[in-house]
There are 2 protein chains.
Amino acid sequence: MNDRRTAILEAAATVIARRGVRGLRVEELAAEAGVSKALIYYHFEDRTGLLRRTLAFVNNRAERYTAEQAATGQPGAEAPAGPLRRLEQALLLELQDLPHVRENSTAWGELRASAVFDPELRGELALASVIWVREVADQLGEVRPAAPESALTASAERLTALLEGLSARWLSGVLSLTDARTRMREAIGVEVAHLAQLD
Amino acid sequence: MNDRRTAILEAAATVIARRGVRGLRVEELAAEAGVSKALIYYHFEDRTGLLRRTLAFVNNRAERYTAEQAATGQPGAEAPAGPLRRLEQALLLELQDLPHVRENSTAWGELRASAVFDPELRGELALASVIWVREVADQLGEVRPAAPESALTASAERLTALLEGLSARWLSGVLSLTDARTRMREAIGVEVAHLAQLD
DNA sequence: GTCTATAAAGCGATAGAC
DNA sequence: GTCTATCGCTTTATAGAC
């Protein structure tokens with residue numbers, strides 16, 4: 001629809017990933033998007049409004065590429081194989097050193113951290129979280145169809161929270177990407193084994 | 001040693017927990033600590049230097065109260081019981097709605113998030129992380145003495161990363177404290193069961 | 001070591017033309 | 001819708017007295 005608006009949101013994700021929410025300057029954002037500062041205030045109420053929209057944008061983009069890889073085979077990737085492999089792929093998707101993934105993960109982490117002090121961001125965040133947990137729970141259900149719903153949800157909450165913890169460590173340089181990915185894969189194995197015992 | 005210095009660091013943790021790293025204003029910090037702005041610049045090089053010292057301070061304080069509860073029985077708390085209970089207590093310690101715990105967790109989360117964009121904070125952060133993982137791994141070793149060292153470390157990394165993820169969700173209002181604590185306890189159970197299978 | 005006062009710069013936000 | 005120009009407050013940081 002509105003090209004400029006989208007360009008600003010894309011640029012906002014880029015700048016947030018580069019400088020953090022704390023470091024986001026409307027002037028730098030304007031330069032990145034190739035527009036004037038005033039236009040940003042025209043399209044978005046104020047700085048916080050901009051952040052809220054950016055969070056929604058980042059969420060959508062993440063959902064979009066998760067859906068893509070779930071549906072059709074990625075170009076250059078193998079066939080999806082079984083439900084366990086699809087689950088692993090979905091969870092490991094955020095732990096990749098590709099520019100747009102890193103950008104999305106960084107921006108997401110930043111906006112989540114900001115929500116601790118900015119209640120306006122919480123609605124968006126909670127919504128995304130619920131959707132994401134539900135998705136993972138569904139995929140776990142395909143791996144372990146006999147497991148009770150509540151156990152699937154609990155496992156999904158643990159796995160997604162772990163993913164966020166590992167991602168934060170990776171992005172802050174405390175944990176290597178390789179280790180983060182290994183811990184994530186192990187956790188999936190451990191949770192799936194746990195669900196098997198409940199059958 | 002230096003009373004004023006410590007007072008400033010304590011106040012910094014308080015203000016960061018209240019406003020975030022981004023919201024930390026030297027003026028507000030000065031008021032909170034009951035000193036002048038200039039004194040803060042006298043004791044700490046600049047804003048970033050202050051943050052680095054505050055991160056170290058928050059780490060020490062967390063270690064201190066973890067050690068306390070591990071060593072002697074908490075006032076008003078039951079006897080420590082077995083190694084599994086001690087492990088649970090240690091990991092659940094950060095998921096409590098007590099003012100000083102919430103303050104420490106919030107400040108820690110903020111500083112960790114800031115480290116993504118501020119390499120000066122990373123050293124301190126990595127150090128604290130290693131110590132924390134080691135501690136949890138040791139406690140896991142007491143619960144499962146037959147488990148190999150590498151498996152203990154991997155489990156400890158997962159549990160501590162999960163704790164950070166759950167803590168972030170709790171503090172940003174996405175997850176209730178009760179749910180966060182439940183997920184943490186379940187995860188400990190799942191990991192301990194996993195380690196038992198490796199014996 | 002600690003304070004008051006002030007410089008210097010940064011930055012969000014708006015007015016007004018096109 | 002979009003830009004240029006600018007206002008005005010906020011905030012970091014320092015100078016200099018005690």
Side-chain angles (χ1 to χ4, degrees), chain A residues 1-57 107 110-111 113-121 124, chain B residues 1-57 107 110-111 113-121 124:
Chain A
M1 263 189 270
N2 193 325
D3 263 3
R4 298 282 207 179
R5 243 186 110 94
T6 308
I8 293 170
L9 289 172
E10 265 164 7
T14 304
V15 175
I16 288 174
R18 183 163 59 221
R19 309 262 183 239
V21 165
R22 298 161 186 78
L24 172 75
R25 302 294 155 227
V26 178
E27 183 140 30
E28 184 179 359
L29 169 57
E32 179 75 30
V35 302
S36 68
K37 274 199 292 181
L39 191 63
I40 292 168
Y41 287 99
Y42 173 78
H43 280 300
F44 308 90
E45 319 79 283
D46 56 9
R47 200 175 177 281
T48 304
L50 170 72
L51 292 179
R52 209 174 52 238
R53 300 303 191 126
T54 305
L55 179 52
F57 176 79
E110 266 294 286
L111 290 162
S114 302
V116 174
F117 305 98
D118 191 344
E120 282 194 63
L121 296 174
E124 212 59 67
Chain B
M1 263 191 274
N2 194 326
D3 263 2
R4 298 284 207 180
R5 245 185 109 95
T6 308
I8 293 170
L9 290 171
E10 265 165 6
T14 303
V15 175
I16 289 174
R18 183 162 60 221
R19 309 263 183 238
V21 166
R22 177 174 203 273
L24 172 74
R25 297 297 116 113
V26 179
E27 182 141 31
E28 185 179 358
L29 171 55
E32 178 76 29
V35 301
S36 69
K37 277 194 291 181
L39 191 63
I40 292 168
Y41 287 100
Y42 173 80
H43 280 301
F44 308 91
E45 319 77 285
D46 56 9
R47 204 175 176 281
T48 305
L50 170 72
L51 292 179
R52 208 174 54 240
R53 298 305 189 124
T54 305
L55 178 52
F57 176 79
E110 267 293 287
L111 290 161
S114 302
V116 174
F117 307 96
D118 191 344
E120 283 193 63
L121 295 175
E124 212 59 65

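Lettering follows sequence order; numbering is per chain, from 1.
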If I compare all heavy atoms of B:Arg47 with all of B:Leu24, which pair ends up nearest, and what's the gap?
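For B:Arg47 and B:Leu24, the tightest heavy-atom pair comes out as NH2-O, 2.9 Å.
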Applying side chain to side chain contact (heavy atoms under 4.5 Å, CB included), can you list everything that pairs with A:Val35, at least two apart in sequence or on another chain?
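Residues passing side chain to side chain contact (heavy atoms under 4.5 Å, CB included) with A:Val35: A:Arg4, A:Ile8, A:Ala33, A:Leu39, A:Ile40.
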Can you list, in residue-number order, the parts of residues 46-53 of chain A that come under 4.0 Å of DNA chain C, counting heavy atoms only?
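Within residues 46-53 of chain A, the residues near DNA chain C are A:Asp46, A:Arg47.
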If you compare all heavy atoms of A:Ile16 against all heavy atoms of A:Ala107, which two are closest, and at what distance to 0.1 Å?
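Looking at all heavy atoms of both residues, the closest pair is CG2-CA, 3.9 Å.
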Interface residues of residues 19-32 of chain B with DNA chain D (non-hydrogen, below 4.0 angstrom):
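Heavy-atom cutoff 4.0 Å gives B:Leu24, B:Arg25, B:Val26.
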A:Leu51 side chain reached by A:Glu120 side chain, heavy atoms, under 4.5 Å
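Heavy-atom side-chain distance check fails, nothing below 4.5 Å.
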With sequence neighbours excluded, what pairs up with A:Arg22 under the salt bridge (Lys or Arg N to Asp or Glu O under 4.0 Å) test?
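Applying salt bridge (Lys or Arg N to Asp or Glu O under 4.0 Å) to A:Arg22 gives A:Glu110, B:Glu110.
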Partners of A:Glu32 by salt bridge (Lys or Arg N to Asp or Glu O under 4.0 Å), sequence neighbours excluded?
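For A:Glu32 the salt bridge (Lys or Arg N to Asp or Glu O under 4.0 Å) partners, ignoring immediate neighbours, are A:Arg18.
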Keeping B:Arg19 on the side-chain end and B:Arg25 on the backbone end, is there a donor-acceptor pair under 3.5 Å?
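Answer holds: no.
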To the nearest 10 degrees, what angle separates the axes at the start and end of the helix from C:dG1-D:dC18 to C:dC18-D:dG1, five pairs each?
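Inter-axis angle at the ends, rounded: 0°.
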Expressed as a whole number of angstroms, how long is the span from A:Tyr41:OH to C:dC11:P?
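To the nearest whole Å, that distance equals 11 Å.
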Where do A:Val26 and A:Phe44 land on the side-chain contact (heavy atoms from CB on, under 4.5 Å) test, with the steps shown first?
CA-CA 11 Å; A:Val26 178; A:Phe44 308 90; over 6 Å; no
Selection: residues 9-17 of chain A, any non-hydrogen atom under 4.0 Å of DNA chain C:
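Nothing qualifies; none.
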Which pairs pass side chain to side chain donor-acceptor pair (under 3.5 Å) with one or both residues in residues 36-45 of chain B, sequence neighbours excluded?
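Residue pairs with at least one partner in residues 36-45 of chain B: B:Glu45-B:Arg52.
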First locate atom CG of A:Leu55, then atom CG of A:Leu121, and finally report the distance between them rounded to the nearest 0.5 Å.
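Between atom CG of A:Leu55 and atom CG of A:Leu121 there are 6.0 Å.
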Can you name the residues that form a side chain to side chain contact (heavy atoms under 4.5 Å, CB included) with B:Ala56, not counting sequence neighbours?
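Testing B:Ala56 for side chain to side chain contact (heavy atoms under 4.5 Å, CB included), a comparison that skips the adjacent residues, returns B:Glu124.
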Side chains of B:Leu50 and B:Leu29, heavy atoms from C-beta outward: is any pair under 4.5 Å?
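With C-beta onward as the side chain, the pair touches.
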Dump every N/O contact between nucleotides 1-4 of chain D and the protein below 3.5 Å, one line per pair.
unit_1: D:dT2; atom_1: OP1; unit_2: A:Arg4; atom_2: NE; d: 3.1
unit_1: D:dT2; atom_1: OP2; unit_2: A:His43; atom_2: NE2; d: 3.1
unit_1: D:dC3; atom_1: OP2; unit_2: A:Ser36; atom_2: N; d: 3.0
unit_1: D:dC3; atom_1: OP2; unit_2: A:Ser36; atom_2: OG; d: 3.0

